[in-house]
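A quick write-up on the structure given underneath.
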Amino acid sequence: MREDGGRVTDQAEQPEPSVPELLAARRAKLDRLREQGVDPFPHAFGGVTPIGDVLPVWDHLEAGEETGHAYRVAGRLAARRGQGKMAFLDLVDRSGRLQLQARVDVLGEEPMARLLELDLGDLLGVDGEIFRSRRGELTLRVTQATVLAKSLRPPPDKHHGLTDVETRFRRRELDLMANEDARRTFITRARVIREVRGYLDEQGFIEVETPILQPLYGGALARPFVTHHNALDRDLYLRIATELYLKRCIVGGLERVYELGKDFRNEGISFKHNPEFTMVEWYEAYADYEDAMARTEAVVARVADACGYDGELDFSPPWKRVTLRDAIAERTGIDVLEHRDQAALAAAIAASDRVDLPTADRTWPQLVDDLLSHHVEPNVTDPVFLIDYPKELSPFAKDHRSEPGLVERFEAFCSGMEIANAFTELNDPDEQRRRFDAQARLAGEGDEEAQPYDEVFVQALEQGMPPTGGVGLGIDRLVMLMTGKRSIREIVLFPAMRD
RNA sequence: GCCCCUGUAGCUCAACUGGCAGAGCAGCGGACUCUUAAUCCGAAGGUUCCAGGUUCGAUUCCUGGCGGGGGCACCA
């Protein structure tokens, strides 16, 4: 379905049918239903049993065996076999697929004809009795069929489904309709979110909602989306993180808070990046990053268990803990803390035959991050905590209690991806001011990801924030791990696409 | 932003070295009371993403554009 310039048509444009004969046939049937006095779009259909609830009850039924047991089911017509005095049809709902049997001697001539005239893709409600066919298929013998909604466009191929990735992502409804795996993926996604909430709720965390439209963005190193408030005549930013507001909740005494929702980052799209993505952040008073690690392990293990994860990865606690310094040294032979300035580290990288990275125009912390992302991150399989990061990359993390120049921070990696980022939170307001000053200098030097100075946040810290451990856990990436999907587009219902 | 791959019927895919664009499913007409990718008979269905170029002739080769995928860069 393409128009001028190869652009894909969308709903907003004139719906000029590219397959007039296919659409006309469906519209003709719609008209016929109305002529017969049948409402093709009734308002409701009560008392439906999910197909998934029907199937297991009759596992024991022998081929050819009747039950006399009546059910009412509803779903989309997915297949049809036979056109004569008896036909089999497949009905699909969210929970499964059930074969229907339509017999003229049960239904009568006219209802039979109406049922057989339905198109694949039509929504259908059915009453009937369950039995097992001679060939062994659990089947509902239709006694009454009700059109619930006429489908005016052809569904994807009944056997091959829909594989074209562009259509799958742009027209997710077709993907969900055609591919059971897609339906399962998003059911798993909901399960992941439910378990994360369940864990935090049970542990006494309070779910809060903080602004998505923010006068200042902060809490992460990223470029924001900018929007405009007309009445206030000022620009606002879509949040890149919930961090600073959540810490203000901790200052206020809520003690354990979390927020699960969308963040927005104005950066590239890749198999693991979507411009809007879902993150849960939680903050816990009187805790540090060790406590945060324990919670991260616990919640991910719980999610894996609830999802019935049976892949290669081992999520069971405790996860390995490796300092960032050791992880880089193990992979590259370079001790970043032995080369504590840009020139020394650049020289060490140049001298190494295991590392091939450009060092010009890269700061020391950027080089550390390059070593991490090129030589450590891609090689991680089972989940691991990399701990104790250089201060320069972590403007909200508290200085390490024993290692000068480092902060108490961890990132959790799994399957080549970062899934969580956490600190013992910086709660010294004067030190926070110095970190903002440093960020302001970086911004002055053109760093577009530097943090803007947030005076309101610093004043909140001046009120006194208890020692606090905070975690940000990427929900999309967690869902990728649980479903084994390699692209974030598979686990975001409507991923960002060009248009 | 750069590099590589890619775009054919509603869907899934063919089309040799440049030589009349095909099949299955779906849809349409017909047969069929145990099929399950139902089967059988018949007819139909195309701006080969778009615009140029080369050529007697372009789905095929070239250039540009648009869309998609992968990679790099950036990031979580």
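In what follows, chains are A, B, ... by sequence order, proteins preceding strands, each numbered from 1.
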Nearest-angstrom distance from the residue atom CZ of A/Phe88 to C1' of B/rC34: 4 Å
P-based separation of B/rU59 from B/rU54 [nearest Å]: 16 Å
Listed partners of A/Phe410 passing ring pair (Phe, Tyr, Trp, His ring centres under 6.0 Å), at least two apart: A/Phe385
Touch class at under 4.0 angstrom, heavy-atom based, for A/Ile419 against every strand present: nothing
Within 45° cone of A/Phe131 ring axis and under 6.0 Å: A/Arg141 NZ or CZ: yes
Sugar-phosphate only, base, or nothing, as touched by A/Glu137 at under 4.0 Å among non-hydrogen atoms: base
Sugar-phosphate only, base, or nothing, as touched by A/Gly161 at under 4.0 Å among non-hydrogen atoms: sugar-phosphate
Please list, pair by pair, any protein nitrogen or oxygen found under 3.5 Å from a nitrogen or oxygen in nucleotides 1-6 of chain B.
none

All ring pair (Phe, Tyr, Trp, His ring centres under 6.0 Å) counterparts of A/Phe315, not counting sequence neighbours: A/Tyr309
Along RNA chain B (nearest heavy atom to each residue), the more 5'-positioned of A/Ile488 and A/Phe169: A/Phe169
Stacking of A/Phe277 on B/rA76 base (centres under 5.5 Å, planes under 30°): yes
Sugar-phosphate, base or nothing in reach of A/Glu267, heavy atoms under 4.0 Å: sugar-phosphate
Nucleotide forming a Watson-Crick or wobble pair with B/rA44, both distances under 3.5 Å: none
A/Tyr389 six-ring face occupied by A/Arg409 cation (under 6.0 Å, within 45°): yes
B/rG7 and B/rA43, which share atom name P, separated by this distance in whole Å: 32 Å
Interatomic distance at C1', B/rA58 relative to B/rC49, whole Å: 16 Å
Partner set under ring pair (Phe, Tyr, Trp, His ring centres under 6.0 Å) for A/Tyr237, not counting sequence neighbours: A/Tyr217
Whole angstrom value for the distance that separates C1' of B/rU36 from CG of A/Leu77: 13 Å
Whole-Å gap separating P (B/rC72) and CG (A/Asp356): 14 Å
Contacts of type ring pair (Phe, Tyr, Trp, His ring centres under 6.0 Å), residue A/Trp364, not counting sequence neighbours: none
Sugar-phosphate, base or nothing in reach of A/Thr163, heavy atoms under 4.0 Å: sugar-phosphate
Contact letters for nucleotides 26-33 of chain B, in which S counts primed atoms plus P, OP1 and OP2 and B counts the base, heavy atoms under 4.0 Å: BSS---BB
Sugar-phosphate, base or nothing in reach of A/Asn266, heavy atoms under 4.0 Å: nothing
